[in-house]
Amino acid sequence: MSSCKTATSGSCSLWVKTLSHLVVLSSLCPLVSGYSVRERVHDLMSRYPLIDGHNDLALQLRIHHNNRLSQIDLHNVSKVATDIFRLQAGHVQAQMFAVYVMCGAQEKDAVRLTLEQIDVVRRMCTEYQDFELVTSAQELQNAKMRHKIACLISIEGGHSIDSSIPALRMFYQLGVRSMALTHTCNTPWAESSSKLYKVYQRHNNSLTPFGKAVVEEMNRLGMIVDLSHTSWDTAMAVLRHSKAPVIFSHSSSYSICNHSRNVPDWLLRELKKKQGLIMVNLHSNFISCKDKANISRVADHFDHIKNVIGAESIGVGGDFEGAVSFPQGLEDVSKYPALIQELLQRNWTEHDLANVLRRNFLQVFEEVERVRDNLSYNLPSEIQVPAEEVQNSCRLDLRPPDRRGLPSDQGPSSRAQQRPRGLPVLAIVVLISSLLMMD
Ligand SMILES: *[C@@H]1O[C@H](CO)[C@@H](O)[C@H](O)[C@H]1NC(C)=O
Ligand SMILES: *[C@@H]1O[C@H](CO)[C@@H](O)[C@H](O)[C@H]1NC(C)=O
Ligand SMILES: *[C@@H]1O[C@H](CO)[C@@H](O)[C@H](O)[C@H]1NC(C)=O
Ligand SMILES: *[C@@H]1O[C@H](CO)[C@@H](O)[C@H](O)[C@H]1NC(C)=O
Ligand SMILES: [Zn+2]
């Protein structure tokens, strides 16, 4: 470790040796020599590389390339702030990649679009040797030993499961280990911090009985509950209900910038009571409440949250690719060392920073896994969302066929009622094809 304070190693001490007043200068060394602080940051981040809570690269792959990975080389991607070279330069060892689909897809093709985003993250993280798809805290650590960037998959918005607990379970099977309960739209069972969409407005009941069942199933599966984007009422209800610690994967301090996406001090204290974690978002609008911001302002969020709940409850969730403007000096994923340098210069200890960089997240992830193990005797939930709580006219109504003649109403659900007549034929086809494919 090349700390300049002792002036025993590194280029800093060499530099000092050429000058008189050795003692005085060496104690000033971290202040007068930016190089030595940078060296200290890189040394620290090599030992404790970052686990970042939120990145929307998959969304940008959809927007710019329609998910055609063959069009690009992920080592070096233009138009975005995230690629393999810059992740490596920024000492990012693990990234939660969001699989996000727009709220407009709620009760349309949200599930299919989410599957496609999972597919593109899985492809990216298996086709490139520099990445490794991980699904547990242990795998994440193992990836570090192999010098791989670990990819975690996180759903951003409960609308992605279309109010279906079986869909949630299948997403878990595909590797999803975290889900934000809402994005900018309410779901039938949880409330968003945003009032952008008018769907499912409510005055109370921020987490319905079905919403509680979703949280319970996430606890049972070992999927991290993410409260970034939920309303404070929903966050509070989840904190009361969840057996496992929860996270804000990309939110900052409301006291420093009073944006509805940020977290007020009282809620931070509730989060801490449940051993939760807030991973600070770097997006300028959440940092300074303006389009422009600087590193100093970002560090103000870290300082404030540390004062309220301590460094052991803080992480980093950059939100690159999910937002447009980032602070000067933090424009892409290669710039994280500049943030750590600012915090070191504000007297954050290496112990605190090692926690913020990765150990706090690992602790939460391990605790979520421990809760899952404790719940391993619970059966999968069979709770279904009450039909009257969802407003979906195009959902297939799975009633048995009406054998007493034509149904009285000729709406879409009556067509659905007739559909099961094809089922015996379908069953035979499925049976034959499964016999043919048994290998
Ligand atoms: C990335 O690609 C651009 C051209 O697309 C090139 O100018 C640049 O040098 C490349 N950077 C690296 C690190 O390979
Ligand atoms: C929730 O609000 C509705 C009206 O919006 C009311 O009828 C109901 O009693 C309220 N429930 C609780 C628990 O406050
Ligand atoms: C947020 O803070 C600004 C000034 O910093 C103030 O003008 C505004 O009213 C505040 N908004 C809320 C919702 O408190
Ligand atoms: C950073 O931005 C804040 C406003 O958010 C400003 O007051 C401060 O002077 C800036 N600091 C530097 C070092 O530019
Ligand atoms: Zn977001």
Side-chain angles (χ1 to χ4, degrees), residues 34 52-60 62-63 81-82 95-106 114 117 121 152-160 178-187 190-197 224-232 234-235 247-267 278-304 315-331 335 338-339 341-343 345-346:
D52 182 87
H54 195 86
N55 183 295
D56 273 302
L57 180 59
L59 169 64
Q60 298 303 326
R62 165 82 74 177
I63 292 172
T82 308
Q95 180 64 65
M96 278 221 265
F97 282 109
V99 290
Y100 159 73
V101 306
M102 288 166 69
C103 273
Q106 174 150 236
T114 305
Q117 294 310 94
V121 174
L152 285 160
I153 305 177
S154 129
I155 290 177
E156 188 175 16
H159 58 288
S160 280
S178 161
M179 180 170 81
L181 297 190
T182 71
H183 192 253
T184 46
C185 47
N186 300 324
T187 65
E191 185 180 56
S192 171
S193 67
S194 164
K195 304 281 172 272
L196 199 62
Y197 292 85
I224 302 169
V225 180
D226 181 357
L227 299 178
S228 279
H229 286 287
T230 67
S231 72
W232 298 347
T234 295
I247 64 171
F248 288 86
S249 70
H250 59 306
S251 295
S252 306
S253 162
Y254 189 83
S255 286
I256 304 292
C257 159
N258 62 3
H259 194 288
S260 64
R261 278 280 284 101
N262 287 341
V263 185
D265 294 350
W266 64 266
L267 188 50
I278 174 167
M279 307 179 90
V280 176
N281 191 317
L282 306 181
H283 175 35
S284 295
N285 293 70
F286 302 159
I287 290 300
S288 64
C289 286
K290 298 193 190 99
D291 289 339
K292 288 197 162 63
N294 55 36
I295 295 183
S296 167
R297 196 69 178 162
V298 175
D300 292 345
H301 284 260
F302 281 85
D303 276 344
H304 180 79
V316 181
D319 205 6
F320 287 106
E321 320 305 348
V324 277
S325 60
F326 284 85
Q328 203 177 8
L330 289 176
E331 296 86 355
K335 307 290 174 62
L339 170 62
Q341 178 171 332
E342 173 74 17
L343 295 176
Q345 284 166 332
R346 290 187 180 206

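In each ligand, atom 1 is the first atom listed, and ligand 1 is the first ligand listed. Side chains are part of it too, since the values below use all heavy atoms of this structure and drop only hydrogens, waters and symmetry mates.
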Show me the pairs that pass salt bridge (Lys or Arg N to Asp or Glu O under 4.0 Å) and involve residues 282-300, at least two apart or across chains.
Arg297-Asp300, Asp300-Arg346
Identify all N/O pairs between ligand 4 and the protein with a separation under 3.5 Å and present them as a table of atom names and distances.
unit_1: ligand 4; atom_1: 2 (O); unit_2: Asn294; atom_2: OD1; d: 3.3
unit_1: ligand 4; atom_1: 2 (O); unit_2: Asn294; atom_2: ND2; d: 2.4
unit_1: ligand 4; atom_1: 11 (N); unit_2: Asn294; atom_2: ND2; d: 2.9
unit_1: ligand 4; atom_1: 14 (O); unit_2: Asn294; atom_2: ND2; d: 3.2

How far apart are the C-alpha atoms of Thr114 and Ser160, what are their side-chain angles, what is the distance that settles it, and do they pass the side chain to side chain donor-acceptor pair (under 3.5 Å) test?
CA-CA 6 Å; Thr114 305; Ser160 280; 2.8 Å; yes
Assess the pair Trp232 and Tyr254: is the distance between their ring centroids shorter than 6.0 Å?
yes
Just so I know, are the side chains of Ile287 and His301 near enough to count as touching, which here means a heavy-atom distance under 4.5 Å?
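With C-beta onward as the side chain, the pair touches.
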Under the side chain to side chain donor-acceptor pair (under 3.5 Å) rule, what do Asn281 and His283 come out as? Steps first, then yes or no, please.
CA-CA 6 Å; Asn281 191 317; His283 175 35; 5.6 Å; no
Atoms named by residue and atom, protein N, O or S, within reach of the Zn ion (ligand 5) (under 2.8 Å)
Glu156 OE2, His229 NE2, His250 NE2
His259 meets the ring pair (Phe, Tyr, Trp, His ring centres under 6.0 Å) criterion, sequence neighbours left out, with Phe286
Ring-plane angle category for His250 and His54, please: parallel below 30°, perpendicular beyond 60°, tilted otherwise.
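Because their plane-to-plane angle is under 30°, the rings of His250 and His54 count as parallel.
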Which label fits His183 and His229: parallel for a plane angle under 30°, tilted from 30 to 60°, or perpendicular past 60°?
tilted
Would you sort out whether Val225 and Ile247 count as a side chain to side chain contact (heavy atoms under 4.5 Å, CB included), showing the intermediate values?
CA-CA 6 Å; Val225 180; Ile247 64 171; over 6 Å; no
